[in-house]
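Side-chain atoms are counted along with the backbone in the values below, which use heavy atoms only and exclude waters and symmetry mates.
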Amino acid sequence: MSTGSGADSAPAPTTPDAPPTTDPPDIAAGDTRKSSMFSSLRVRNYRLFFLGQVVSNTGTWMQRIAQDWLVLSLTGSATAVGVTTALQFLPMLFLGLYGGVLVDRLPKRPTLLVTQTAMAFTGLALAALTLTGHVQVWHVYVAASAVGLATVVDNPARQSFVSEMVGPDQLQNAVSLNSANFQSARMIGPAVAGVLITGVGTGWAFLFNGLSYVAPLAGLLLMRGRELHPVRRAPRGKGQLREGLTYVAGRPELVWPIVLVGFIGTFAFNFPVYLTAFADDVFHAGAGAYSLFNTLMAVGSVTGALLAARRGTARMRLLAAAALVFGAVEIVAAVTPSLWLFALLMIPLGVFGMTVNVTANTGIQMATDPAMRGRVMALYMMVFLGGSPVGAPIVGWITDTYGARVGLATGGAVAALAATVVGLILARAGNLRLSVGWHRGHPRVRFVPRERREELAPAA
């Protein structure tokens, strides 16, 4: 499973206690120059990784769609879908930081070979149970939990390994292309899954996912070790978990983006719960509509990821603004009466959701000492993905009790409020002030440095 960031200069302090070399939170993490949209694919090792993920990510999305629909078919409950999502991310919530400690100690490529193999066997086991007609909902719960355990190590290892494949100059571009890769598969996977579910059943989607891991495993084995950019691994020792938390706590450019994506991941990104309910209960359109919603959201997500790859910068102001718009679009979608208008709103929802994801991911990686990156990215993924065990049952209950529209609107409201609060905190930390005025006959609201605002003020 993949998730979706490099610039032309990256901070590389020599010790975890060294002060960060990034600009204040309001300044871009990295160079402001735009880069070639696909520049990191010139690196052979990353190209192998990227191609393997194309296949594996397609299988991952097929399994996600099939898994959600299977649980809904077996139980008829949106809460059960939320429980499945919770079980898949519960290990990240409780064990994610320990996974980061392990990743900082272990070589990344062998670690990924183990975790990807484990997830392949999980998909194949679920396929066997479904195709033989013996599947029960508790089987799906166990499979989701097993994937979650593998993800505890796989996610921070994969995030950290990107910088070892491409180096600091191409990091943002590579992270952005990873997101585009994942979301491109999100367009293909749900469409294929919808055909398989309605035609031959969910079991074939699980089988494809299990077999799809052959591609990334082959890519990892074919990489040239001498062309990697290895970083100093952390030695075994006591207090490394506390050391990682202390490192993050002292850096607002790390703390507040993590807090923001935590709120969004917990309440606003629970699309398996929201979209199954809209497809089944609001529009009564079945699996085909659910696949359509996911596909159109993926179109927007790919667009957002490719724009980030070309942008070559990760501003915290962009993160807060994109999160605010993302929440607003969710609220608008919640009250939309038409199926087709709701479906079309999935495109901007994908654009701004992916902008939040890539900008936060990039900014955090670029502001982190490479020796601490596993722990920091584990904390980021724990908060972003691990919040789902808390949020999914809650929004599932809200959706079952008050309806899908109230559930989605609640998620959007939480995202918008969190974006506003965190944006103001980051602006204050970056010595910015809100500027409201007119520009070429149009109103303009933006943050400007305090010094500039004072310079523009009329003399007393």
Side-chain angles (χ1 to χ4, degrees), residues 1-3 5-6 10 12-17 43 45-46 48-50 52-53 56 89 91-122 145-168 171 174-175 178 213 216-248 254 361 364-366 368-386:
M1 302 171 85
S2 298
T3 57
S5 263
T14 56
T15 68
D17 296 324
V43 180
N45 284 342
Y46 179 70
L48 288 169
F49 177 85
F50 183 90
Q53 292 296 303
S56 177
F89 297 117
M92 180 65 71
L93 179 64
F94 290 109
L95 303 174
L97 291 177
Y98 294 99
V101 171
L102 285 175
V103 166
D104 279 338
R105 293 176 181 174
L106 298 173
K108 307 301 186 294
R109 185 161 57 141
T111 301
L112 288 171
L113 286 169
V114 173
T115 57
Q116 298 276 296
T117 300
M119 288 190 283
F121 279 116
T122 302
S145 300
V147 170
L149 287 171
T151 302
V152 166
V153 176
D154 184 79
N155 259 334
R158 200 164 7 84
Q159 297 282 340
S160 302
F161 190 51
V162 172
S163 65
E164 294 192 20
M165 285 185 287
V166 302
L171 181 57
V175 171
N178 279 355
Y213 283 97
L217 290 171
L220 289 167
L221 292 171
L222 290 172
M223 288 182 184
R224 296 170 182 163
R226 66 182 182 275
E227 296 179 6
L228 294 174
H229 302 259
V231 300
R232 174 174 57 87
R233 297 205 302 270
R236 293 180 62 87
K238 295 182 178 180
Q240 290 179 326
L241 179 58
R242 184 173 61 253
E243 180 186 31
L245 293 173
T246 302
Y247 177 85
V248 172
L254 298 180
N361 191 315
I364 290 169
Q365 288 209 52
M366 296 300 292
T368 302
D369 178 355
M372 299 290 292
R373 193 167 283 149
R375 278 165 282 183
V376 174
M377 293 311 297
L379 176 61
Y380 168 77
M381 298 307 298
M382 183 193 77
V383 172
F384 185 49
L385 300 179

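For His229 against Met165, the heavy-atom pair with the smallest separation is CD2-O, 3.8 Å. Of all the heavy atoms in Leu95 and Val152, the pair that sits closest is O-CG1, 3.3 Å. Nearest approach of Gly52 to Pro216, heavy atoms of both residues: O-CD, 3.5 Å. Between Lys108 and Ser160, the closest heavy-atom pair is CE-CB, 3.7 Å. Nearest heavy-atom pair, Leu217 versus Leu113, reported as atom, atom and distance to 0.1 Å: CD2-O, 3.6 Å.
Rounding to the nearest 0.5 Å places CG of Leu48 at 6.0 Å from CG of Leu222. A distance of 11.5 Å separates CZ in Arg242 from CZ in Arg375, rounded to the nearest 0.5 Å. The structure places CD of Gln116 at 13.0 Å from CZ of Phe121, a figure rounded to the nearest 0.5 Å. Taken to the nearest 0.5 Å, the CG atom of Leu245 stands 6.5 Å off from the CG atom of Leu379.
For the side chain to side chain contact (heavy atoms under 4.5 Å, CB included) test, residues two or more places apart in sequence or in another chain that qualify with Leu112 are Thr115, Asp154, Ala157, Arg158, Phe161, Leu220. With sequence neighbours left out, the side chain to side chain contact (heavy atoms under 4.5 Å, CB included) criterion links Arg226 to Arg224.
Comment: Glu164 does not engage Arg109 in a salt bridge, judged by the lack of any side-chain N to carboxylate O separation of less than 4.0 angstrom.
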- prompt: So Tyr46 and Asn178, side-chain hydrogen bond (donor to acceptor under 3.5 Å, both in side chains) or not? Walk me through it.
  reply: CA-CA 10 Å; Tyr46 179 70; Asn178 279 355; 2.7 Å; yes

task: Starting from the C-alpha separation in whole Å, work towards a yes-or-no answer on side-chain hydrogen bond (donor to acceptor under 3.5 Å, both in side chains) for Gln159 and Asn361.
output: CA-CA 9 Å; Gln159 297 282 340; Asn361 191 315; 2.9 Å; yes

